[in-house]
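For the numbers below, each heavy atom of this structure counts, side chains included, while hydrogens, waters and symmetry mates do not. No experiment lies behind these values; they were computed from the predicted model shown.
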Amino acid sequence: MHYRTIVISDIHLGTSGSKAKEITSFLKHNSCDELILNGDIIDGWQLKKFGAWKKHHTKFFKRILRVIEKYDTKVIYLRGNHDDFLDTIIPFKFGNISVQKDYIITSGEKKFYVVHGDVFDSVTTNLKWIAKLGDIGYTFLLWLNQRYNNYRMKRGLPYYSLSQAVKSKVKKAVSYISEFENEIICLAKIKKCDGIICGHIHQPAIKNINGTIYMNSGDWVESLSALVEDFEGNWNIVYYSDYSLAEDVAEEEEEEATDLFDMDIIHLKEEIEIRKRTITG
């Protein structure tokens with residue numbers, strides 16, 4: 001499918017729980033005029049500790065370059081709390097790629113304010129050390145979840161998200177999500193927009209809250225979801241599970257050894273510059 005807009009967030013590249021291969025495969029089969037990376041794409045918190053940058057994490061950015069080359073896609077990378085290291089360079093624009101804090105998109109006759117969403121999280125903004133402590137526990141839960149699902153897969157059982165189950169059963173977590181949604185829609189009103197598009201809480205949603213449209217793109221750790229807009233201004237949530245791309249992920253792994261676009265993450269800017277000169281030349 002080719003969409004007008006695709007919004008993805010919370011990929012957390014650099015962590016073991018990141019579904020980098022799946023999002024790369026998704027973008028191989030779904031293109032757009034405008035791609036919004038709505039925060040926590042790279043997990044700087046984990047990379048500073050015990051995270052690791054894998055080759056398939058780099059392949060995600062190679063896919064972005066291919067999308068730009070093939071479709072002239074405009075890419076907007078919005079800073080999240082886990083990739084707050086971007087604060088030192090934003091706003092930054094190079095070719096088709098723009099890195100910034102927030103964004104306003106026009107969809108049909110409506111305007112949407114796009115932001116990661118941590119601005120309304122008092123824990124991550126005011127008590128970062130508590131947030132990082134919680135992040136360690138969440139990382140452990142994802143590690144346990146991965147091994148539990150390996151066990152289930154060997155026995156032919158479907159995927160089961162332990163972390164999602166825990167969050168859905170904890171009243172405080174449910175209350176937090178509701179409060180987050182009700183608070184963040186205030187930003188849309190402040191920005192004089194009809195709605196807001198965010199991420200951060202890993203809960204995909206499209207709903208009308210007191211006359212304001214609230215949309216959340218979910219994540220690529222648990223729900224594996226994205227927001228998509230067609231050319232009539234209609235928005236939908238799509239899930240990786242809606243596609244039969246398991247074989248494609250396996251093919252991507254086989255191609256790693258002979259990939260003509262193979263490069264280190266530090267060469268990303270150089271590759272974009274070369275391509276820009278080729279197009280303008």
Do Phe60 and Ile11 come within less than 4.5 Å of each other through their side chains, counting heavy atoms only?
yes
Test side-chain contact (heavy atoms from CB on, under 4.5 Å) on Leu35 and Lys74 and set out the steps.
CA-CA 6 Å; Leu35 175 63; Lys74 180 181 179 182; over 6 Å; no
Can you tell me if His202 uses its side chain to pair, donor with acceptor, with the backbone of Asp219 under 3.5 Å?
no
Using 0.5 Å steps for rounding, measure from the CG atom of Asp84 to the NE2 atom of His116.
10.0 Å
Asp242 and Tyr240 side chains, donor-acceptor separation under 3.5 Å:
no
Taking Ile206 as the starting point, is it possible to reach Val7 by hopping between hydrophobic residues whose side chains are less than 4.5 Å apart?
yes
Take Ser31 and Tyr3 through the side-chain contact (heavy atoms from CB on, under 4.5 Å) test and state the conclusion after the steps.
CA-CA 6 Å; Ser31 56; Tyr3 298 99; over 6 Å; no
Nearest-0.5 Å distance that lies between atom CG in Leu13 and atom CG in Asp43
9.0 Å
Check: Trp45 side chain, Asn81 main-chain N or O, donor-acceptor pair, under 3.5 Å:
yes
Of all heavy-atom pairs between Cys198 and Tyr214, which one has the smallest distance, and what is that distance?
SG-CE1, 3.6 Å
Taking the side chain as C-beta and beyond, is there a heavy-atom pair between Ile104 and Phe112 under 4.5 Å?
no
For a quick check under 3.5 Å, do Tyr113 and Asp102 share a side-chain donor-acceptor pair by atom type?
yes
Pair listing, side chain to side chain donor-acceptor pair (under 3.5 Å) test, anchored in residues 85-94, at least two apart
Arg79-Asp87
With a 4.5 Å cut-off on side-chain heavy atoms, are Asn234 and Glu229 touching?
no
Does any N or O in the side chain of Lys70 come within less than 3.5 Å of the main-chain N or O of Ile68, such that one atom is a donor and the other an acceptor?
no
Test item: Glu181 and Ile209 side chains (from C-beta on) under 4.5 Å apart, heavy atoms
yes
So, taking the atom named CG in Leu78 and the one named CD1 in Ile90, what distance separates them when rounded to the nearest 0.5 Å?
9.0 Å
Please name the pair of heavy atoms, one in Val221 and one in Lys19, separated by the smallest distance, quoted to 0.1 Å.
O-NZ, 3.0 Å
Contact summary for Ala226 and Ile6, nearest pair of heavy atoms:
CB-CG2, 4.4 Å
Can you see which heavy atom on Ile196 is nearest to which on Ile184, and at what distance?
CD1-O, 3.3 Å
Look at the side chain of Ser25 and the backbone N and O of Lys21, then say whether any donor-acceptor pair between them is shorter than 3.5 Å.
no
Between the side chain of Ser225 and the main-chain N/O of Ser217, is any donor-acceptor distance below 3.5 Å?
yes
So if you build clusters from Ile, Leu, Val, Met, Phe, Trp, Tyr with side-chain heavy-atom gaps below 4.5 Å, do Leu37 and Leu47 land together?
yes
Chi angles and distances behind the side-chain hydrogen bond (donor to acceptor under 3.5 Å, both in side chains) call for His2, Asp33
CA-CA 8 Å; His2 185 85; Asp33 289 351; 2.8 Å; yes
Are Leu187 and Phe180 connected into the same hydrophobic cluster when the rule is that any two of I, L, V, M, F, W, Y join if their side-chain heavy atoms are below 4.5 Å apart?
yes
Out of curiosity, does Leu27 fall in the hydrophobic cluster containing Val75 (side-chain heavy atoms, cut-off under 4.5 Å, transitive links)?
yes
How about Leu227 and Asn236: do any of their side-chain heavy atoms sit closer than 4.5 Å?
no
Compute whether any side-chain donor of one residue and acceptor of the other, for His200 and Asp10, lie under 3.5 angstrom apart.
no
Which pairs with one or both residues in residues 185-202 pass salt bridge (Lys or Arg N to Asp or Glu O under 4.0 Å), sequence neighbours excluded?
none
Between Asp83 and Leu86, does the side-chain contact (heavy atoms from CB on, under 4.5 Å) criterion hold? Intermediate values first, please.
CA-CA 6 Å; Asp83 42 22; Leu86 293 172; 4.2 Å; yes
Can any side-chain N or O of Thr15 pair as donor or acceptor with the backbone N or O of His12 at less than 3.5 Å?
yes
Give a yes or no on whether the backbone of Cys32 and the side-chain of Thr73 come within a donor-acceptor separation of less than 3.5 Å.
yes
Cluster overlap Ile197 with Ile237, hydrophobic side-chain contacts below 4.5 Å:
yes
Residue pair Asn38 / Tyr77, side-chain donor-acceptor N/O under 3.5 Å
no
Just how far is it from atom CD1 of Ile76 to atom CD1 of Ile97, taken to the nearest 0.5 Å?
10.0 Å
Counting only N and O atoms by type, is there a donor-acceptor contact under 3.5 Å from the side chain of Asn216 to the main-chain atoms of Ala205?
no
Charged N to carboxylate O under 4.0 angstrom, Glu232 versus Arg4?
no
Minimal heavy-atom distance between Trp235 and Ser107, with the atoms involved, is NE1-OG, 3.0 Å
Please check this pair: side chain of His29 against backbone of Phe26, looking for a donor-acceptor N/O pair closer than 3.5 Å.
no
Step-by-step side-chain contact (heavy atoms from CB on, under 4.5 Å) determination, Phe61 to Ile42:
CA-CA 11 Å; Phe61 286 104; Ile42 299 174; 3.8 Å; yes
Hey, does Val228 have a side-chain heavy atom less than 4.5 Å from the side chain of Thr5?
no
State whether a side-chain donor-acceptor pair under 3.5 Å links Ser18 with Trp220.
no
How long is the span from the NE2 atom in His57 to the OG1 atom in Thr24, to the nearest 0.5 Å?
9.0 Å
Looking at every heavy atom in both Gly218 and Ser9, which two are closest together, and how far apart are they?
O-OG, 3.1 Å
To the nearest 0.5 Å, what is the distance between CD1 on Ile8 and CD1 on Ile41?
5.5 Å
